[in-house]
Amino acid sequence: MFQLSKSSVIAVEYTSGDPRLAAEIANKLADVYIGWQRTAKIEQTKDATVWLDDQIKALRKPPRSPKRRWRPSRPRKAFTRARTTSR
């Protein structure tokens with residue numbers, strides 16, 4: 001029987017008429033479980049590394065140049081000429 005507590009302690013019990021056999025089976029179950037957990041964590045780390053690598057590569061690329069270059073706008077004239085007509 002596996003029991004997981006909040007402190008991540010695993011209790012493995014196996015009952016048998018032969019104490020040595022019970023100990024071997026309990027130890028083997030614990031070893032298999034620990035190996036399974038280790039493999040799962042390694043796979044998660046690999047996946048995260050690949051994702052982060054892609055993110056870093058995307059951030060290192062120079063920005064694409066826009067099709068139209070930006071030009072500073074000309075300042076507008078503060079005053080406009082008024083048309084005058086004489087009578």
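Here the structure is a predicted model, which means the values were calculated and not measured.
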- Item | Closest non-hydrogen atom pair, Ala26 against Val12 | O-CG1, 3.5 Å

- Smallest separation among heavy atoms of Leu21 and Ser16, with atom names: CD2-OG, 3.8 Å

Give, for atom [atom1] of [X] and atom [atom2] of [Y], the distance between the pair rounded to the nearest 0.5 Å.
X: Arg38; Y: Tyr33; atom1: CZ; atom2: OH; answer: 12.5 Å
X: Thr49; Y: Ile42; atom1: OG1; atom2: CD1; answer: 11.5 Å
X: Asp47; Y: Gln44; atom1: CG; atom2: CD; answer: 8.0 Å
X: Asn27; Y: Glu24; atom1: CG; atom2: CD; answer: 8.5 Å

- In the hydrophobic cluster built from side-chain contacts under 4.5 Å, what are the other members alongside Trp51? Leu52

